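Only one structure is covered here, and it is reproduced in the block below.
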Amino acid sequence: MSMPITSLPPHHRVSPPSPTTYISANKDRYFSNHPTILLINRSSNSKQLKQIHAQMLRNGLFYDPFSASTLVSAFALSSVQDIDYAHKLFDQIPQPNTYTWNTLIRAYSSSQTPIQSLLIFTQMIYQCNEVLPNKFTFPFVIKAAAELLDRRVGEVVHGMVVKMSLGSDVFVLNSLIHFYESCGCLDSAYKVFLNIPVRDVVSWNSMITGFAQGDSPDEALKLFHEMQREGFRPDEVTMMSVLTACTKKLDLEVGRWVHSNIEKNGIRGSLNLNNALVDMYVKCGSVEDAQKLFDKMPEKDIVSWTTMLVGYARSGHYVTARRHFESMPSQDIAAWNALISACEQSGNAKEALAIFNELQVSNKAAPDGVTLVSTLSACAQVGAMDMGGWIHVYIKKHKIKLTCHLITSLIDMYSKCGDLNKALEVFNSSDDKDVFVWSAMIAGFAMHGHGRDAIGLFKKMQESNIKPNGVTFTNLLCACSHTGLLQDGRDFFKKMEPVYGITPGVKHYACMVDMLGRAGHLEEAISLIKSMPMPPLASVYGALLGACKLHGNVEVAEQASARLLELEPWNHGAYVLLSNIYAKSGKWDKVANLRKQMKDVGLKKEPGCSSVEVNGTVHEFVVGDNTHAQSKLIYGKLNEVFEKLKSNGYEPNRSQVLQCVEEEDMQEQALHLHSEKLAIAFGLISLTKSQPIRVMKNLRVCRDCHNVAKMISEVYDREILLRDRYRFHHFKAGDCSCKDYW
DNA sequence: ATAGGGTTAG
């Protein structure tokens with residue numbers, strides 16, 4: 001063997017050196033036993049293949065279509081995977097046959113650039129006097145169209161299939177089913193499926209998979225039964241798709257049945273199938289079953305370990321999850337992601353941020369888009385904007401792909417941390433916005449009380465032909481509610497079903513009840529609740545109760561809280577609201593009674609907790625907190641603040657102190673100790689005047705704190721942003737962005 | 001000589 005060819009001349013077709021040397025096409029098979037061909041088939045490295053190429057050029061074997069094709073396919077499809085080289089080779093072949101074309105189209109269809117498949121296919125058709133596509137060509141081309149999610153291309157190819165009389169080839173039709181499913185056209189896929197003259201297992205599997213992965217797990221299960229009725233034996237892939245359906249349905253019983261069905265059918269419990277089973281048990285809520293299977297799996301891979309980790313983490317077994325994580329053979333980024341997202345989703349955002357930091361310091365894996373989505377969401381929860389901004393920079397620096405998911409998270413983080421302008425900047429700079437991106441921005445406007453902007457954005461969204469979903473409407477109605485845009489809200493709600501095809505859910509009703517109640521239309525709110533087609537959730541009564549407090553309606557409040565406590569006996573918010581309503585109307589006996597009830601049930605008022613971020617560190621304060629290192633300074637500042645405010649006419653508003661403190665000065669003290677006041681005081685001493693004080697609170701802000709914040713913003717000339725459980729308050733020059741409508 | 005279907009983290 002001699003010099004390898006490392007570079008080939010520019011793409012152009014060369015003619016064979018001497019036509020007499022070659023054997024005609026019908027004797028192609030002669031070469032399949034040629035030593036060089038055998039060598040190609042045994043060769044698995046690129047250098048060796050290139051040497052063979054050189055030899056074939058010299059001895060002329062390259063100009064035999066069969067031999068050249070074998071070489072192309074070795075480069076394109078074997079472990080060598082050098083498609084570029086294969087393509088260059090292809091361009092050198094004088095008369096590629098259909099097999100050669102197919103090889104290249106096939107290689108590209110599962111490459112990073114499936115579009116190349118389509119381009120080569122087009123070339124192939126334009127030279128139709130030489131060769132024609134055959135039944136092998138189409139599955140590759142259709143696969144490329146599926147990869148590209150190009151519905152139009154696929155439909156055109158489908159047309160060609162029919163014209164070329166391949167419309168009943170089961171391989172081609174199975175690919176078409178898969179294609180239509182990846183483009184989200186389950187109906188078309190099903191039509192193809194129904195029209196297959198003789199189906200095979202793959203036809204059934206493809207269709208079951210389509211239903212399972214789409215939003216029709218019930219259809220998938222139905223088809224699974226039908227398949228068995230028609231005498232087909234399910235295989236491993238069938239069972240995996242059926243498990244996907246169970247997982248979607250969150251139906252443990254059906255899942256267990258499938259598990260036994262697998263054993264009954266004698267399907268080999270492969271690694272993949274076992275992984276799918278573990279995943280089903282985890283998602284359907286039985287970590288015990290998942291663990292039982294995991295423990296006896298003969299072979300485990302990183303997916304098995306990660307799935308089990310997710311199981312522990314989601315079920316709240318954090319210590320077990322951590323131990324499992326430590327004992328994993330290797331911790332890839334997916335494992336870290338599972339840990340981070342589990343913390344973030346179970347409301348333990350601080351822990352999620354700690355783990356992210358640990359990942360950064362350990363340098364064991366590189367954060368990817370998924371990591372950042374979870375971490376940003378944790379930042380949003382605790383209001384850690386410095387950290388969130390740092391991640392934004394990280395994304396740019398490491399050129400992490402800005403998916404819609406990531407953009408949504410960034411918008412959400414900036415909005416929830418109080419920087420609506422940054423959120424808008426991200427929104428405006430993204431050129432490919434999906435429904436979630438739009439919805440997140442609408443939510444941003446909503447929580448900052450920019451109702452008109454939210455409505456304006458909703459209109460723009462429609463001009464961009466993005467269809468709103470249920471979440472979009474929740475955010476939109478929420479925006480109307482916060483800004484008191486009663487009529488707009490009513491209109492949107494009315495149009496949801498007939499115009500946008502979205503059935504109002506409990507959340508939408510809760511928004512409407514809140515909107516109507518807040519605006520004083522209690523009767524309308526009550527009759528809306530009565531008209532609900534589904535049982536109202538606690539949030540609906542919670543909204544009504546809030547409205548009662550605002551408008552001092554004791555009778556309705558009693559009914560609403562009774563219903564609320566039926567649903568959620570542990571809901572302290574209900575007790576506190578009702579107690580405040582009683583207190584406001586002077587019904588002290590009822591207040592005392594309620595307090596006793598709370599004690600009997602063993603409920604304590606959820607402690608108020610506020611945090612403020614200073615130079616990247618989030619400082620947390622609970623009511624009457626004295627654990628902070630600068631506690632003395634903070635209380636000193638607080639006293640100074642009250643002196644100053646009093647000389648400016650401040651009077652404490654005690655209406656919302658839970659009446660467990662009878663003495664007046666004690667009440668005043670309790671008021672002064674509210675966590676948001678501590679956080680604001682800390683902000684005053686540790687931030688410069690140009691930095692807004694951003695406070696995040698777990699409960700609703702009380703009247704008095706709201707009032708104090710307004711005054712501080714004027715007297716100290718500071719900007720204060722306060723996020724409570726419900727919305728943002730933006731205090732500036734003595735006013736609040738909520739215009740006291742909250 | 002060539003083909004189609006499936007599992008983890010948001």
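Computed over heavy atoms, backbone and side chain alike; hydrogens, waters and symmetry mates excluded. Keep in mind it's a predicted model, so treat the numbers as computed, not measured. Residue numbers begin at 1 in each chain, while the letters A, B, ... track the order of the sequences.
For A/Gln345, taking side-chain heavy atoms from C-beta onward, the closest of the listed nucleotides B/dG10, B/dA3, B/dG6 is B/dG10. Of the listed nucleotides (B/dG10, B/dT2, B/dG6), B/dG10 has the atom at the smallest distance from the side chain of A/Val370. Considering only the side chain of A/Asn337, B/dA9 comes nearest among B/dT8, B/dT2, B/dA9. The A/Thr209 side chain lies nearest to B/dG6 when the options are B/dG10, B/dG6, B/dT2. Picking from B/dA3, B/dG6, B/dT8 the nucleotide with the shortest atom distance to the side chain of A/Ala334 gives B/dT8. If you check B/dA9, B/dG6, B/dT7 against the side chain of A/Val237, the one that comes closest is B/dG6.
Listed by first then second residue, pairs satisfying ring-ring contact (aromatic ring centres under 6.0 Å, His included) with a partner in residues 228-248 of chain A read A/Trp204-A/Phe232, not counting sequence neighbours. Annotation: ring-ring contact (aromatic ring centres under 6.0 Å, His included) contacts involving residues 333-360 of chain A, sequence neighbours excluded, comprise A/Phe325-A/Trp336.
Listed by residue number, the members of residues 179-190 of chain A with any heavy atom below 4.0 angstrom from DNA chain B form an empty set. Of the residues in residues 308-319 of chain A, those lying under 4.0 Å from DNA chain B by heavy-atom distance are A/Val310, A/Arg314. Within residues 271-278 of chain A, the residues that have a heavy atom under 4.0 Å from DNA chain B are, in order of number, A/Asn272, A/Asn275. Listed by residue number, there are no residues of residues 320-332 of chain A with a heavy-atom contact under 4.0 Å to DNA chain B. Of all the residues in residues 279-288 of chain A, A/Asp279, A/Lys283 reach under 4.0 Å from DNA chain B with at least one non-hydrogen atom.
Annotation: ring pair (Phe, Tyr, Trp, His ring centres under 6.0 Å) contacts of A/Phe294 (sequence neighbours excluded): A/Trp305, A/His324. The side chain to side chain contact (heavy atoms under 4.5 Å, CB included) search around A/Leu149 returns A/Ser182, not counting sequence neighbours. Applying the salt bridge (charged side-chain N to carboxylate O under 4.0 Å, His left out) rule to A/Glu288 yields no partners; only residues at least two apart in sequence or on another chain are considered. With sequence neighbours excluded, the residues that form a side chain to side chain contact (heavy atoms under 4.5 Å, CB included) with A/Ala86 are A/Val72, A/Phe75, A/Ala76, A/Leu104.
Put simply, CD1 on A/Ile302 is 9 Å from C1' on B/dT8, counting in whole angstrom units. The CG atom of A/Leu339 sits 15 Å away from the C1' atom of B/dG10 (whole-angstrom rounding). Counting to the nearest Å, the P atom of B/dA3 and the CG atom of A/Asp200 are 15 Å from each other. Between the CE atom of A/Met413 and the P atom of B/dG10 there is a distance of 19 Å, rounded to whole Å. Atom CZ of A/Arg268 and atom C1' of B/dG6 are 13 Å apart (whole Å). Taking atom NZ of A/Lys248 as the reference point, atom P of B/dT8 lies 10 Å away to the nearest angstrom. Summarising the geometry, the separation between CE on A/Met239 and P on B/dG6 is reported as 16 Å, rounded to the nearest angstrom. Computed from coordinates, the A/Met240 CE to B/dT8 C1' distance equals 11 Å when rounded to whole Å.
One side chain, A/Thr371 or A/Asn337, offers a donor N or O that lies under 3.5 Å from an acceptor on the other. With hydrogens and angles left out, the side-chain atoms of A/Thr472 and A/Ser439 include a donor and acceptor closer than 3.5 Å. Neither side chain, A/Asn134 nor A/Thr98, offers a donor N or O lying under 3.5 Å from an acceptor on the other. Counted by atom type alone, A/Ser374 and A/Ser341 present zero donor-acceptor pairs between their side chains at under 3.5 Å. In this model, no donor atom of one side chain and acceptor atom of the other lie less than 3.5 Å apart for A/Asp412 and A/Ser415. No hydrogens or angles considered: a donor-acceptor pair under 3.5 Å links the side chains of A/Asn265 and A/Asn261.
Side-chain atoms of A/Ser377 never come within 3.5 Å of backbone atoms of A/Val373 as a donor-acceptor pair (strictly under, hydrogens ignored). Using modelled atom types, no side-chain atom of A/Ser43 and backbone atom of A/Leu39 make a donor-acceptor pair closer than 3.5 Å.
Across all strands shown, A/Asp301 has no heavy atoms under 4.0 Å from either base or sugar-phosphate atoms. Backbone-only contact: A/His178 has heavy atoms under 4.0 Å from sugar-phosphate atoms and none from a base. Using a 4.0 Å heavy-atom criterion, one finds that A/Glu344 contacts no nucleic acid atom at all.
Two rings, from A/Phe436 and A/His405, have their centers 6.0 Å or more apart.
Dashed line: the shortest gap from a side-chain N or O of A/Thr103 to OP1 or OP2 of B/dT2 is not under 4.0 Å.
A cation-pi arrangement is absent between A/Lys135 and A/Phe171, since the terminal nitrogen or guanidinium carbon is not both under 6.0 Å from the aromatic centre and inside a 45° cone about the axis.
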Distance-only check: which donor-acceptor pairs under 3.5 Å involve side-chain atoms of residues 208-222 of chain A, not counting sequence neighbours?
residue: A/Thr209; atom: OG1; partner: A/Asn205; partner atom: O; Å: 2.6
residue: A/Thr209; atom: OG1; partner: A/Ser241; partner atom: OG; Å: 2.7
residue: A/Asp218; atom: OD1; partner: A/Lys249; partner atom: NZ; Å: 2.7

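You cannot call A/Phe136 stacked on the base of B/dA3; the centres under 5.5 Å and planes under 30° rule is not satisfied.
By the 6.0 Å contact criterion, CZ on A/Arg199 is enclosed, its count of non-hydrogen atoms from other residues, nucleotides or ligands being greater than 12.
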